[in-house]
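Here is the structure we will look at, set down as structure tokens.
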2 protein chains.
Amino acid sequence: MAKRVLKHAILGLLRKQDMSGYDITAEFTKEISQFWSAKHSQIYTELKKLLDEKLIEQYIEISGVKLERKMYKLTEEGKKELAQWLMHPEQIPETEKDTFALKVYFIQYIPEEKILPLFQDQLDQREQKLSELKSRYQLIFAQREEKMGLAADELGHYLVLTKAISREESYVDWLKKSIRFIRQKR
Amino acid sequence: MAKRVLKHAILGLLRKQDMSGYDITAEFTKEISQFWSAKHSQIYTELKKLLDEKLIEQYIEISGVKLERKMYKLTEEGKKELAQWLMHPEQIPETEKDTFALKVYFIQYIPEEKILPLFQDQLDQREQKLSELKSRYQLIFAQREEKMGLAADELGHYLVLTKAISREESYVDWLKKSIRFIRQKR
DNA sequence: TTGTACATGTAATTCGTTACATGATTAT
DNA sequence: ATAATCATGTAACGAATTACATGTACAA
């Protein structure tokens with residue numbers, strides 16, 4: 001009994017508009033990449049499976065003279081499947097994999113003088129990411145939130161962007177606290 | 001060029017003391033499970049690979065009359081490999097997979113009346129987890145942090161537990177804010 | 001004309017889970 | 001006795017990445 005998350009992620013993307021495998025791959029480099037992504041090789045394979053399952057249909061669009069874009073469109077079955085998946089609550093996972101946290105668990109085996117640089121590197125990366133996310137937020141949602149509301153099709157985007165920001169803020173806070181704790185403890 | 005995280009997680013666990021595959025499997029249900037875990041089938045397979053690579057050695061311990069426990073011990077090579085991995089900083093991943101957040105991205109396709117129950121379910125689960133983590137913290141680290149310091153071999157444990165708590169607090173905060181935002185917006 | 005982006009696929013391999021399979025030890 | 005836990009493994013499958021492979025369109 002597998003979870004088939006990618007399957008439903010693709011159905012979700014196609015729910016808004018017909019897309020090619022290339023388009024779907026591109027979507028997975030945008031906002032949603034904070035929470036799910038896949039390489040084109042996996043996407044093209046998954047699209048074939050979804051065709052088999054009759055959750056999507058294919059048609060061809062010509063770009064330029066002869067380049068065939070294979071466009072995919074949700075079937076009624078596909079819409080139903082997506083709705084079912086979206087409405088069905090799931091157990092939260094016991095494990096949320098994080099290599100840095102795993103290394104920190106083994107901190108006693110890291111030479112004293114390498115510890116703070118490791119934390120500092122992680123902090124730099126996380127702050128960089130946080131600042132990018134905040135820029136995006138400013139660009140898209142600042143002002144609007146209060147004045148006019150959001151359009152219905154922007155709510156999901158808004159919520160996941162605030163989620164990503166919240167996650168990175170929490171990461172940065174913990175890193176800063178940890179750095180202080182390690183410094184003070186020496 | 002794979003990352004072999006499990007490989008290094010096992011080396012890390014064996015750094016403290018010799019263990020069997022069964023013991024390692026059990027460790028992955030404790031604190032560290034918040035950030036990494038694996039099933040016994042994968043662990044036994046990985047242990048064979050590590051033997052091949054001469055990063056660990058095997059010896060037999062008898063439990064009771066004839067039950068053979070296969071114990072594993074780091075080699076010098078294994079210690080070096082672990083130290084290298086621990087000291088080497090890595091790029092943070094672009095994607096931290098989260099099925100709930102993915103569903104939220106598609107919130108516009110969830111029937112209005114199902115949205116808040118979904119968030120409430122997630123909130124209940126996250127608060128439950130947070131409360132378990134805080135209990136563990138109380139049990140193990142409360143009081144100590146300030147009075148006496150931590151033993152060297154407790155620092156990693158302390159930091160990852162505070163990390164897990166921070167992560168879940170952030171999740172809960174975002175869920176509460178989102179619920180308010182969705183309510184207010186109706 | 002040349003490089004970048006568009007566009008689609010397969011193959012090989014690794015990582016991870018579930019299912020299958022077996023047996024010993026210990027506590028009730 | 002018998003159930004729970006200890007203990008180790010393989011097989012099958014699914015999920016995911018990397019590498020291989022090819023060709024078109026468009027802008028500088």
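Because the structure is a prediction, the values reported are computed rather than measured. For the numbers below, each heavy atom of this structure counts, side chains included, while hydrogens, waters and symmetry mates do not.
- Ring geometry for A:W174 versus A:F100: interplanar angle over 60°, hence perpendicular rather than tilted (30 to 60°).
- Nearest to the side chain of B:Y72, among D:dG9, C:dA24, C:dG9, sits D:dG9.
- Atom CD in A:Q42 sits roughly 15 Å away from atom P in C:dC15 (whole-Å rounding).
- When each of A:L67 and A:S41 is assigned the nucleotide of DNA chain D bearing its nearest heavy atom, the one mapping closer to the 5' terminus is A:S41.
- Remark: A:K97 is in phosphate contact with C:dG16, judged by side-chain N or O atoms under 4.0 Å from OP1 or OP2.
- Computed from coordinates, the A:F28 CZ to C:dA7 P distance equals 17 Å when rounded to whole Å.
- For the pair A:Y44 and C:dG9, the criterion of a side-chain N or O lying under 4.0 Å from OP1 or OP2 is not met.
- A sub-4.0 Å separation between OP1 or OP2 of C:dT8 and a side-chain N or O of A:S20 is present.
- When heavy atoms are screened at a 4.0 angstrom cut-off, A:K7 is found touching no nucleic acid atom at all.
- B:K39 has its NZ atom 17 Å from the C1' atom of D:dT8, to the nearest Å.
- Taking only side-chain nitrogens and oxygens, B:Y22 never comes nearer than 4.0 Å to OP1 or OP2 of D:dT8.
- Per the geometry, CE belonging to B:M71 stands 14 Å off P belonging to D:dC6, to the nearest Å.
- Of the options B:L159, B:L13, B:L155, a side-chain contact (heavy atoms from CB on, under 4.5 Å) to A:Y105 is made by B:L13 and by none of the others.
- Taking only side-chain atoms of B:R4, from C-beta outward, the nucleotide of C:dC15, C:dG16, C:dT25 with the closest atom is C:dC15.
- Ion pairing of B:K163 with A:E96 is absent here, as no side-chain N (NZ or NE/NH1/NH2) approaches a carboxylate O to less than 4.0 Å.
- Contact annotation: B:S63 side-chain N/O to D:dC6 OP1/OP2 distance is not under 4.0 Å.
- Nucleic acid contact for B:V5: none, since no nucleic acid atom lies under 4.0 Å from a heavy atom of the residue.
- When rounded to the nearest whole Å, the span between CG of B:L47 and C1' of D:dG9 equals 12 Å.
- Checking D:dA7, D:dG9, C:dG9 against every side-chain atom of B:K70, the shortest atom distance belongs to D:dG9.
- At the phosphate of D:dA15, OP1 or OP2 sits under 4.0 Å from a side-chain N or O atom of A:K49.
- Toward the 5' end of DNA chain D, the nearer of the two residues A:S37 and B:Q58, judged by each one's closest nucleotide, is B:Q58.
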